[in-house]
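Presented below is the structure to which this report refers.
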Amino acid sequence: MSKRILGLDLGTNSIGWAVIDEVQEEIIDVGVRIFPEGVVGKTIGSGDKEETKNASRRKNRQMRRQFYRKRLRKAKLLEVLIEQGMCPLSLEELNLWRRWDKEKKSQGEKFPDSDGFMKWIRMNPYELRARAVAGEVTGEEFGRILYHL
(Lines give C-alpha, C1' and ligand atoms only; values in the text may rest on other atoms or scores of the structure.)
Protein backbone atom coordinates (compact mmCIF):
# COMPACT_ATOMS: atom_id res chain seq x y z
CA MET A 1 0.00 0.00 0.00
CA SER A 2 1.40 3.34 -1.02
CA LYS A 3 1.13 6.40 1.14
CA ARG A 4 0.91 9.74 -0.67
CA ILE A 5 1.57 13.23 0.61
CA LEU A 6 0.18 16.39 -0.92
CA GLY A 7 2.33 19.47 -0.43
CA LEU A 8 0.93 22.95 -1.08
CA ASP A 9 2.67 26.31 -1.39
CA LEU A 10 0.06 29.04 -1.14
CA GLY A 11 1.04 32.41 -2.55
CA THR A 12 -0.91 35.61 -3.15
CA ASN A 13 -1.32 34.96 -6.88
CA SER A 14 -0.46 31.27 -7.18
CA ILE A 15 -0.67 27.82 -5.65
CA GLY A 16 2.22 25.41 -6.03
CA TRP A 17 1.62 21.72 -5.37
CA ALA A 18 3.42 18.39 -5.32
CA VAL A 19 2.28 14.81 -4.74
CA ILE A 20 4.90 12.49 -3.23
CA ASP A 21 4.77 8.71 -2.78
CA GLU A 22 6.27 8.20 0.67
CA VAL A 23 6.83 4.46 0.32
CA GLN A 24 8.71 4.57 -2.99
CA GLU A 25 10.21 7.98 -2.14
CA GLU A 26 9.42 9.54 -5.49
CA ILE A 27 7.64 12.60 -6.77
CA ILE A 28 4.46 11.61 -8.58
CA ASP A 29 3.49 15.00 -9.94
CA VAL A 30 4.10 18.72 -9.39
CA GLY A 31 2.56 21.89 -10.72
CA VAL A 32 1.59 25.47 -10.19
CA ARG A 33 -1.57 27.45 -10.82
CA ILE A 34 -1.20 31.18 -11.34
CA PHE A 35 -4.19 33.45 -10.80
CA PRO A 36 -4.78 36.83 -12.40
CA GLU A 37 -3.82 39.66 -10.10
CA GLY A 38 -6.58 41.24 -8.06
CA VAL A 39 -4.98 44.66 -8.50
CA VAL A 40 -5.39 47.08 -11.38
CA GLY A 41 -2.25 46.73 -13.53
CA LYS A 42 -1.22 50.38 -13.59
CA THR A 43 -1.27 50.60 -9.77
CA ILE A 44 0.94 47.55 -9.07
CA GLY A 45 3.91 48.37 -6.89
CA SER A 46 2.61 51.77 -5.81
CA GLY A 47 2.26 50.70 -2.18
CA ASP A 48 -0.76 52.13 -0.40
CA LYS A 49 -2.07 53.51 -3.68
CA GLU A 50 -2.61 50.06 -5.20
CA GLU A 51 -6.24 49.71 -6.20
CA THR A 52 -8.14 46.44 -6.38
CA LYS A 53 -10.30 45.64 -9.37
CA ASN A 54 -13.33 45.69 -7.10
CA ALA A 55 -12.57 49.15 -5.67
CA SER A 56 -14.69 51.13 -8.14
CA ARG A 57 -17.67 48.82 -7.59
CA ARG A 58 -17.30 49.22 -3.83
CA LYS A 59 -17.04 53.02 -4.09
CA ASN A 60 -20.18 53.21 -6.23
CA ARG A 61 -22.10 50.95 -3.83
CA GLN A 62 -20.96 53.08 -0.89
CA MET A 63 -22.15 56.27 -2.63
CA ARG A 64 -25.56 54.70 -3.36
CA ARG A 65 -25.91 53.71 0.28
CA GLN A 66 -24.91 57.18 1.47
CA PHE A 67 -27.49 58.83 -0.80
CA TYR A 68 -30.17 56.40 0.36
CA ARG A 69 -29.40 56.94 4.05
CA LYS A 70 -29.34 60.72 3.60
CA ARG A 71 -32.76 60.49 1.95
CA LEU A 72 -34.07 58.43 4.91
CA ARG A 73 -32.76 61.01 7.39
CA LYS A 74 -34.36 63.87 5.47
CA ALA A 75 -37.70 62.06 5.27
CA LYS A 76 -37.68 61.25 9.00
CA LEU A 77 -36.80 64.85 9.89
CA LEU A 78 -39.57 66.17 7.64
CA GLU A 79 -42.02 63.80 9.33
CA VAL A 80 -41.08 65.14 12.77
CA LEU A 81 -41.23 68.75 11.55
CA ILE A 82 -44.70 68.16 10.05
CA GLU A 83 -45.94 66.62 13.31
CA GLN A 84 -44.66 69.66 15.22
CA GLY A 85 -46.18 72.15 12.78
CA MET A 86 -42.77 73.38 11.67
CA CYS A 87 -43.13 72.45 7.99
CA PRO A 88 -46.02 73.35 5.64
CA LEU A 89 -46.08 69.87 4.09
CA SER A 90 -48.67 67.12 4.56
CA LEU A 91 -47.79 63.56 5.49
CA GLU A 92 -49.50 62.35 2.29
CA GLU A 93 -47.16 64.48 0.14
CA LEU A 94 -44.17 63.26 2.14
CA ASN A 95 -45.21 59.63 1.73
CA LEU A 96 -45.46 60.04 -2.04
CA TRP A 97 -41.80 61.00 -2.04
CA ARG A 98 -40.67 58.61 0.70
CA ARG A 99 -42.43 55.48 -0.56
CA TRP A 100 -41.72 55.84 -4.25
CA ASP A 101 -42.77 53.16 -6.70
CA LYS A 102 -39.79 50.90 -7.40
CA GLU A 103 -41.40 49.64 -10.62
CA LYS A 104 -41.41 53.14 -12.13
CA LYS A 105 -37.82 53.76 -10.95
CA SER A 106 -36.97 57.49 -11.00
CA GLN A 107 -40.28 58.40 -12.70
CA GLY A 108 -42.13 57.13 -9.59
CA GLU A 109 -40.16 59.48 -7.38
CA LYS A 110 -41.97 62.77 -6.84
CA PHE A 111 -40.38 65.36 -4.59
CA PRO A 112 -43.07 67.41 -2.81
CA ASP A 113 -43.86 70.51 -4.87
CA SER A 114 -46.80 72.20 -3.16
CA ASP A 115 -46.66 76.00 -3.15
CA GLY A 116 -46.29 76.29 0.62
CA PHE A 117 -43.50 73.73 0.77
CA MET A 118 -41.60 75.28 -2.14
CA LYS A 119 -41.85 78.69 -0.48
CA TRP A 120 -40.56 77.10 2.75
CA ILE A 121 -37.64 75.44 0.92
CA ARG A 122 -36.69 78.73 -0.78
CA MET A 123 -36.31 80.53 2.57
CA ASN A 124 -32.66 81.47 3.01
CA PRO A 125 -31.53 79.47 6.06
CA TYR A 126 -28.54 81.72 6.67
CA GLU A 127 -30.74 84.80 6.96
CA LEU A 128 -33.11 82.88 9.23
CA ARG A 129 -30.23 81.76 11.45
CA ALA A 130 -28.95 85.34 11.73
CA ARG A 131 -32.45 86.54 12.64
CA ALA A 132 -32.84 83.74 15.19
CA VAL A 133 -29.67 84.82 16.98
CA ALA A 134 -30.81 88.45 17.11
CA GLY A 135 -34.48 87.85 17.90
CA GLU A 136 -37.43 85.54 17.37
CA VAL A 137 -38.40 83.38 14.41
CA THR A 138 -41.66 81.55 13.69
CA GLY A 139 -42.04 77.81 14.10
CA GLU A 140 -41.85 77.22 10.34
CA GLU A 141 -38.74 79.36 10.09
CA PHE A 142 -37.13 77.40 12.91
CA GLY A 143 -38.13 74.18 11.15
CA ARG A 144 -36.40 75.42 8.00
CA ILE A 145 -33.26 76.13 10.04
CA LEU A 146 -33.31 72.60 11.45
CA TYR A 147 -33.89 71.08 8.00
CA HIS A 148 -30.92 73.04 6.66
CA LEU A 149 -28.64 71.74 9.40
Considering all heavy atoms of both residues, which atom of [X] and which atom of [Y] are nearest to each other, and what is their separation?
X      : Y      : result
Gly143 : Leu81  : O-CD1, 3.6 Å
Trp120 : Met86  : NE1-O, 3.5 Å
Glu93  : Ser114 : OE2-CB, 3.0 Å
Ile145 : Pro125 : CG1-O, 4.5 Å
Gly85  : Glu140 : O-CG, 4.1 Å
Val30  : Ala18  : CG1-CB, 3.6 Å

In the hydrophobic cluster built from side-chain contacts under 4.5 Å, what are the other members alongside [X]?
X     : answer
Ile15 : Leu6, Leu8, Leu10, Trp17, Val19, Ile28, Phe35
Ile5  : none
Leu72 : Tyr68

**Message:** Quick check on the hydrophobic clustering: are Leu91 and Leu78 connected, directly or via other members, by side-chain heavy-atom contacts under 4.5 Å?
**Reply:** yes
Can you confirm whether more than 12 heavy atoms, excluding those of [X], are under 6.0 Å from its [atom1] atom?
X      : atom1 : answer
Phe117 : CZ    : yes
Asp29  : CG    : yes
Glu136 : CD    : no

Find the distance between [atom1] ([X]) and [atom2] ([Y]) and round it off to the nearest 0.5 Å.
X      : Y      : atom1 : atom2 : answer
Asn124 : Arg144 : CG    : CZ    : 8.5 Å
His148 : Arg129 : NE2   : CZ    : 6.0 Å
Leu94  : Ile82  : CG    : CD1   : 4.5 Å

Exactly one of Arg98, Arg73, Lys74 clears salt bridge (charged side-chain N to carboxylate O under 4.0 Å, His left out) with Glu79, and that residue is Arg98
* Side chain to side chain, Arg61 and Arg65, heavy atoms closer than 4.5 Å -> yes
Test item: Gln66 and Lys70 side chains (from C-beta on) under 4.5 Å apart, heavy atoms: no
